[in-house]
J.: 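Shown below is the structure under consideration.
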Amino acid sequence: MKVRVDPNICQGHTLCAMTAPNLFVLSDEDGHASAITEDVPAGQEELAREAARSCPEQAIVLSE
Amino acid sequence: MSIDETTAPRVDDESRKEGRRIVLDRHGPEYRTEFVDWAQRLHAGPRIAWNDTHGGYWFVNGNQELFDVARRSDVLSNDHDIHNRRRGYKGINVPPPPESSGTIGGFLEMDPPRQRYYRNALNPYLSPAAVARWQPVLDEITRAAIDEKIESGRIDFVEDLANIVPAVLTMALLGLPLRDWVVYNEPAHATVYTPQHSPDYPRVMKMAMDMGMSLFGRLQELRATPRPGLIDAIINADLGGEGPEDDMEIVGVVMLLVGGGFDTTTALTAHSLEWLGEHPDQRERLHREWDALRDSATEEFLRFYTPAQGDGRTVSADVEIDGVRFHEGDRLWLSWAMANRDEQVFADPHEIKLDRTGNRHASFGLGIHRCIGSNVARAGFKTMTKAVLDRMPDFVCDPAGTVHYETTQVINGMRHLPATFTPGKRLGPGLEETIDRLQTIVDEQGLAEPITVRKDRARLA
Ligand code: SF4
């Protein structure tokens, strides 16, 4: 599974990092999120899905 | 297309509202007490309604519809054009305030790029990492506020706690003297909950004036002797090669941050404590499982109580969204509160579930105007709630003394939430002494610098 945050959509609500702190990191300066690695580590797929569901802006893109 | 069709007045103006008309007075007390009925009714349709009150406006209430509309900053404007330089748009309040006020609601009543310049200037003071630096200060203010009451066994959670903590922290973030919180405290809340027809309105307006004068004075001081903080960032903001137009613009931005920083967090904390008092089993569970439930419970209280109930916009170009033909100049209201109760997204939407997952509520708004203070609000709420659970775990609220805001037209707030509890021991000095001590720490450690300048947490010892 691959994960990324669309930077044009993310507004820094921080719910992704709250839900899955191992998958997302927030910028110190504006709190906008990015994925720590593009490939979701094995066993963390459900967390990635939960983070995507929690994002108010629906900025998290999961693929495969 | 014939010339006639392009120049004729729009004949469809009324037909596009057909089947969508409602009469809902958001400013009446019934809207608060009948909120669940209204939400259920509107979510069955029309999910984007035409509300024939206050000059007429679209009332966006469904969750998906709100998502589809709110993020369209290409066709929505927040502009409050009080000098009539552009298209005369009326900003984010429906109805707009009386023309005389002379200030606008900071960058929440601006469009990009100016709005973005301001946010870029302020984000490094308000990002999650920036706010985390303040945690020891938040803990200490909270400790002192509770110590003032802990031996008596009585507290008003609004006046004695939830008003104080966000206010003192906001002063610190702004770079104002911490003890100025008292100048801002009452007017910041009273201007929200006092309707224009109230006999108290003139007094509240006078307090608001005094607060404005105090702020003008502080601006002069801060120009002469700069101090780090949000106000410094505003004064020196690079708004595309120019600075703020005048002090009125600066005051508008500061008052946006004061309004956002004070009343909302107070409202969230008070309502949550009221609910926890009514549900002692859930209160014990939250206390016991704090680490596991802290975040989900916070988001759930945010969803359920939606402190800032909605935001107005003006449609800036003809557009069709979700089957509604919006016209340039139409007013609309984005009801975060209603979208947060939509069962298409939230199972049992009118229930509080401390462990709710997938909670993509809209309480901080959606799109480019997302609440810039959301991280401050969360930190303040969590700190106060945890301290109450730790230090007065058996509190019982007094419904007879509890006062909610009469209407939820702006903020779903509370004026009083008195409670009793088993008295405990003080842990340290009282509020005044603590605030003086914190002032020294804020100054010496430059705590109000942006995260780009200072990365370390506050050190209190
Ligand atoms: S939850 Fe969504 S909007 Fe918020 S920081 Fe994460 S990706 Fe961005």
Side-chain angles (χ1 to χ4, degrees), chain A, chain B residues 63-64 66-68 70-71 73-74 116 119-133 294-300 302-303 336 339-340 345-346 356-379 382 450-455:
Chain A
M1 182 188 267
K2 293 199 186 305
V3 60
R4 68 185 183 85
V5 175
D6 185 330
N8 296 315
I9 300 181
C10 172
Q11 298 290 347
H13 287 262
T14 77
L15 279 118
C16 54
M18 229 183 266
T19 308
N22 298 331
L23 299 181
F24 300 94
V25 56
L26 303 173
S27 143
D28 272 4
E29 278 179 43
D30 66 8
H32 287 209
S34 49
I36 294 175
T37 55
E38 197 189 340
D39 293 299
V40 177
Q44 308 242 354
E45 292 85 356
E46 195 36 52
L47 262 183
R49 277 189 211 102
E50 165 65 11
R53 260 203 311 277
S54 303
C55 172
E57 308 284 347
Q58 299 289 282
I60 296 169
V61 187
L62 301 174
S63 51
E64 309 164 307
Chain B
N63 189 285
Q64 183 64 47
L66 184 99
F67 184 79
D68 295 340
R71 296 158 64 251
S73 53
D74 56 328
R116 193 175 57 242
R119 291 183 67 107
N120 289 345
L122 303 188
N123 270 329
Y125 297 79
L126 297 168
S127 68
V131 172
R133 303 172 303 168
R294 177 191 56 210
D295 291 344
S296 60
T298 301
E299 300 310 311
E300 180 67 341
L302 277 163
R303 179 190 74 83
W336 318 125
N340 281 344
V345 177
F346 306 105
R356 189 182 287 276
T357 59
N359 189 352
R360 52 188 182 87
H361 64 77
S363 295
F364 291 123
L366 293 177
I368 60 169
H369 296 278
R370 186 267 303 166
C371 170
I372 199 167
S374 56
N375 305 301
V376 183
R378 285 185 174 114
K382 288 172 186 173
I451 186 95
T452 41
V453 174
R454 180 197 156 86
K455 299 230 181 285

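Atoms considered below: every heavy atom in the structure, side chains included; atoms not considered: hydrogens, waters and symmetry mates. Letters A, B, ... are given to chains in the order of the sequence lines, protein chains preceding strands, and every chain is numbered from 1.
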J.: Heavy-atom distances under 4.5 Å only: say whether Thr452(B) touches chain A with side chain, backbone, both or neither.
T.: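 The side chain, not the backbone.
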J.: Could you check whether any side-chain heavy atom of Ile9(A) comes within less than 4.5 Å of a side-chain heavy atom of Arg71(B), counting everything from C-beta outward?
T.: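 The answer is yes; the side chains approach within 4.5 Å.
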J.: Side chain to side chain contact (heavy atoms under 4.5 Å, CB included) between Gln11(A) and Leu366(B): does it pass, once the steps are laid out?
T.: CA-CA 8 Å; Gln11(A) 298 290 347; Leu366(B) 293 177; over 6 Å; no
J.: Within the side chain of Glu29(A), is there an N or O that forms a donor-acceptor pair under 3.5 Å with the backbone of Ser127(B)?
T.: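 No.
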J.: For the residue pair Arg370(B) and Asp30(A), what are the closest heavy atoms and their distance?
T.: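 Here Arg370(B) and Asp30(A) meet closest at NH2-O, 4.2 Å.
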J.: Which of the residues Ser54(A), Ala59(A), Gly31(A), Ala52(A) is involved in the greatest number of heavy-atom pairs with chain B at under 4.5 angstrom?
T.: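 Top option by heavy-atom pairs under 4.5 Å: Ser54(A).
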J.: Can you tell which part of Arg378(B) gets under 4.5 Å to a heavy atom of chain A, answering side chain, backbone, both or neither?
T.: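 Just its side chain gets close to chain A.
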J.: Quick one: does any side-chain atom of Arg360(B) pair with a main-chain N or O of Cys55(A) as donor and acceptor, under 3.5 Å?
T.: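 Not a single qualifying donor-acceptor pair exists.
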J.: Less than 4.5 Å to any heavy atom of chain A: does that hold for the side chain of Ile368(B), its backbone, both, or neither?
T.: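 Its backbone and side chain both get close to chain A.
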J.: Is it the side chain or the backbone of Asn375(B) that comes within 4.5 Å of chain A heavy atoms, both, or neither?
T.: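 For Asn375(B), the side chain is the part near chain A, not the backbone.
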J.: If you measure from CZ on Phe67(B) to CD on Gln58(A), what distance do you get to the nearest 0.5 Å?
T.: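 Reported value, rounded in 0.5 Å steps: 5.0 Å.
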J.: For a quick test of reading the model, state the closest non-hydrogen atom pair linking Pro56(A) to His361(B) and the distance between them.
T.: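 Distance-wise, the nearest heavy atoms are CB-O, 3.8 Å.
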J.: So what's closer than 4.5 Å to chain A heavy atoms on Ile451(B): side chain, backbone, both or neither?
T.: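 For Ile451(B), the side chain is the part near chain A, not the backbone.
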J.: Would you compute the distance between atom CG of Asn359(B) and atom CE of Met18(A) and round it to the nearest 0.5 angstrom?
T.: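 CE of Met18(A) is found 10.5 Å from CG of Asn359(B).
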